[in-house]
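Working notes, structure below.
Here is how names work: the chains are called A, B, and so on, in the same order as the sequence lines, proteins then strands, and each is numbered from 1.
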There are 2 protein chains.
Amino acid sequence: MIRLLLAEDHHLVRGAFVALLGTEPGIEVVGEAGRGDEAVRLAAELRPDVAVLDIDMPVMDGLEAAERLATVAPACRIVIVTGHGRPGYLRRAMEAGVRGFVGKEHPATALAKIIRQVHEGRRYIDPELAADALALRECPLTPRELDTLRAAAGGAPVSRIARALGLSEGTVRNYLSAAVTKLAADNRHAAVRHAKDMGWL
Amino acid sequence: MIRLLLAEDHHLVRGAFVALLGTEPGIEVVGEAGRGDEAVRLAAELRPDVAVLDIDMPVMDGLEAAERLATVAPACRIVIVTGHGRPGYLRRAMEAGVRGFVGKEHPATALAKIIRQVHEGRRYIDPELAADALALRECPLTPRELDTLRAAAGGAPVSRIARALGLSEGTVRNYLSAAVTKLAADNRHAAVRHAKDMGWL
DNA sequence: TTCAGCCGATGACATTTGTCATATCGGGGG
DNA sequence: CCCCCGATATGACAAATGTCATCGGCTGAA
């Protein structure tokens with residue numbers, strides 16, 4: 001019997017997953033969490049064999065939860081489930097030692113099989129998402145350029161970004177200009193979007 | 001027996017819903033769709049009693065599908081399911097004659113009950129989302145201002161927006177300026193974000 | 001009919017951004 | 001030790017953006 005921990009912020013979806021997996025022989029859902037930190041706490045307590053983590057959760061996301069689980073409950077194999085296939089997610093998951101990675105586009109019938117496969121110590125990576133990740137380039141931005149871009153998300157004017165980072169306005173513009181150039185974007189807002197899509201932000 | 005049509009773009013989630021509802025006595029899932037247009041086609045063909053539509057779907061979203069179903073299959077009662085509780089969605093749904101509206105945060109066990117209730121001709125509105133909607137202010141932007149803002153999302157420069165909408169650049173800037181002023185934003189990008197948050201985009 | 005409000009446009013102007021050259025300072029690699 | 005690179009800054013200039021006044025056409029409500 002595989003003891004499973006399920007983390008997914010949408011209660012309705014989580015309940016549906018429980019119904020889906022509950023019918024599977026050999027799988028038992030022993031815990032449910034709606035946030036990443038809850039999942040970590042429950043995993044430490046329940047010692048499940050496998051944890052299925054959604055990425056998109058409030059307070060602590062599934063990737064951070066996976067990273068913590070690696071130290072808190074190293075015996076627990078992890079399957080990450082994600083709605084939007086941002087490249088970069090997969091990379092982070094791999095670095096955290098995650099063994100399963102599937103998109104929500106994946107056929108539902110395959111999930112139980114994937115869980116069993118991961119439980120046996122094998123890996124499963126959604127081929128669709130793996131293909132995206134292979135095309136993923138290294139981030140060409142320096143750390144400070146990334147900071148600046150991050151602060152620029154949300155449409156703040158240069159003056160506020162400069163204040164937020166404790167830099168001069170000129171410096172901020174230099175960084176943003178460099179980022180825009182490197183990403184071949186029209187302006188910083190497009191650059192922000194691009195960086196987000198590539199999983200660099 | 002309630003004949004149910006299920007529309008949800010994420011295959012994994014859809015399959016889970018089928019599992020969840022499949023265990024319910026008196027409910028039978030007769031069709032599944034991954035896009036709004038598919039749902040409309042299937043509803044016309046299968047004549048289900050109730051359709052459960054996710055809002056967030058590619059090509060045609062759940063709200064538009066609901067609007068079309070009102071004419072294509074008027075006997076079919078509709079339950080809308082939504083992940084993010086953008087205000088404005090509820091309003092549109094009500095105008096389309098939708099009888100059920102639940103967030104994905106809703107307890108999963110309640111879904112079957114809601115479907116039965118809607119099938120009987122009663123209504124069910126998620127109290128959480130209803131509260132948000134009551135606090136909803138009217139959108140102060142004119143239709144064209146909204147179009148322009150929409151085209152500005154993603155960081156396109158004015159020149160491209162103008163081309164996309166077939167307007168002069170001056171006009172585009174006027175609209176954007178008006179939108180920025182009305183929303184008390186620093187610039188159009190902040191205005192886009194604000195409008196999105198309010199469910200106006 | 002008159003008036004208000006939206007649509008679309010133009011021109012002028014101030015401000016914000018984006019770009020570039022250039023400078024200093026520190027750290028790391030050859 | 002020297003050189004390069006990243007972080008930080010300044011100044012200058014061009015381009016994009018935001019704001020405002022103003023115009024004419026159209027439509028719906030009073």
Side-chain angles (χ1 to χ4, degrees), chain A residues 88 91-92 95 136-201, chain B residues 88 91-92 95 136-201:
Chain A
R91 163 189 297 267
R92 248 185 92 189
E95 279 164 6
L136 179 59
R137 296 194 308 282
E138 197 61 41
C139 175
L141 305 178
T142 71
R144 277 315 243 174
E145 284 164 1
L146 272 176
D147 290 341
T148 317
L149 253 200
R150 220 184 317 274
V158 169
S159 57
R160 184 156 45 236
I161 301 171
R163 230 172 312 129
L165 297 182
L167 294 175
S168 85
E169 301 197 1
T171 303
V172 168
R173 294 209 308 233
N174 285 152
Y175 285 157
L176 289 176
S177 179
V180 165
T181 303
K182 285 178 182 177
L183 302 185
D186 282 334
N187 54 52
R188 55 183 142 148
H189 306 287
V192 164
R193 162 158 299 221
H194 186 252
K196 267 188 180 153
D197 285 346
M198 297 301 283
W200 295 331
L201 214 61
Chain B
R91 163 188 298 268
R92 248 186 91 189
E95 280 165 4
L136 177 59
R137 293 197 306 283
E138 197 61 41
C139 174
L141 305 177
T142 71
R144 277 318 242 175
E145 284 163 1
L146 272 177
D147 290 342
T148 317
L149 253 202
R150 219 185 318 272
V158 169
S159 57
R160 190 165 30 244
I161 301 171
R163 229 172 313 127
L165 297 181
L167 294 174
S168 85
E169 301 198 1
T171 303
V172 167
R173 290 198 305 196
N174 285 152
Y175 285 158
L176 289 176
S177 179
V180 165
T181 304
K182 285 178 181 176
L183 301 185
D186 282 333
N187 53 52
R188 54 196 153 133
H189 306 287
V192 164
R193 162 158 300 222
H194 186 250
K196 266 187 182 156
D197 286 346
M198 297 300 285
W200 295 331
L201 214 60

Quick one: [X] [atom1] to [N] [atom2], roughly how many Å, whole number?
X	N	atom1	atom2	value
B:Asp147	C:dC6	CG	P	14 Å
A:Tyr175	C:dT17	OH	P	18 Å
B:Glu145	D:dG18	CD	P	14 Å
A:Ile161	C:dT17	CD1	C1'	11 Å
B:Asn174	C:dA9	CG	P	10 Å
A:Glu169	D:dT10	CD	C1'	13 Å
A:Leu167	D:dT10	CG	P	11 Å
A:Leu176	D:dA15	CG	P	20 Å

Name the closest nucleotide to the A:Thr171 side chain, picking from D:dT10, C:dG18, D:dT19. D:dT10
The side chain of B:Thr142 is closest to which nucleotide in this list: C:dC20, D:dT19, C:dC6? C:dC6
Pull out every residue in residues 183-191 of chain B that has a heavy atom closer than 4.0 Å to any atom of DNA chain D, ordered by number, or say none. B:Asn187, B:Arg188
Can you tell me if B:Ser177 touches the phosphate of D:dT19, counting only side-chain N or O atoms and a distance under 4.0 Å to OP1 or OP2? yes
Does B:Ser168 make a side-chain N or O approach to OP1 or OP2 of C:dT10 shorter than 4.0 Å? yes
Straight-line distance of B:Arg160 CZ to A:Asp186 CG, nearest 0.5 Å: 4.5 Å
Using 0.5 Å steps for rounding, measure from the CG atom of A:Leu165 to the OH atom of A:Tyr175. 9.5 Å
Can you check side-chain contact (heavy atoms from CB on, under 4.5 Å) on B:Arg188 and B:Val172, steps first, answer last? CA-CA 11 Å; B:Arg188 54 196 153 133; B:Val172 167; over 6 Å; no
Results of side chain to side chain donor-acceptor pair (under 3.5 Å) for B:Thr171 - residues two or more places apart only: B:Ser168
B:Arg173 or B:Arg144: which one's nearest nucleotide on DNA chain C is closer to the 5' end? B:Arg144
Would you call the rings of B:His189 and A:His189 parallel, tilted or perpendicular if under 30° counts as parallel and over 60° as perpendicular? parallel
Residue among A:Leu176, A:Leu149, A:Asp147 satisfying side-chain contact (heavy atoms from CB on, under 4.5 Å) with A:Ile161: A:Leu176
Go through it in stages, so that I can follow the logic: the residues are B:Lys182 and B:Thr142, the test is side-chain contact (heavy atoms from CB on, under 4.5 Å), and I'd like the CA-CA distance, side-chain angles, deciding distance and then a yes or no. CA-CA 11 Å; B:Lys182 285 178 181 176; B:Thr142 71; 3.9 Å; yes
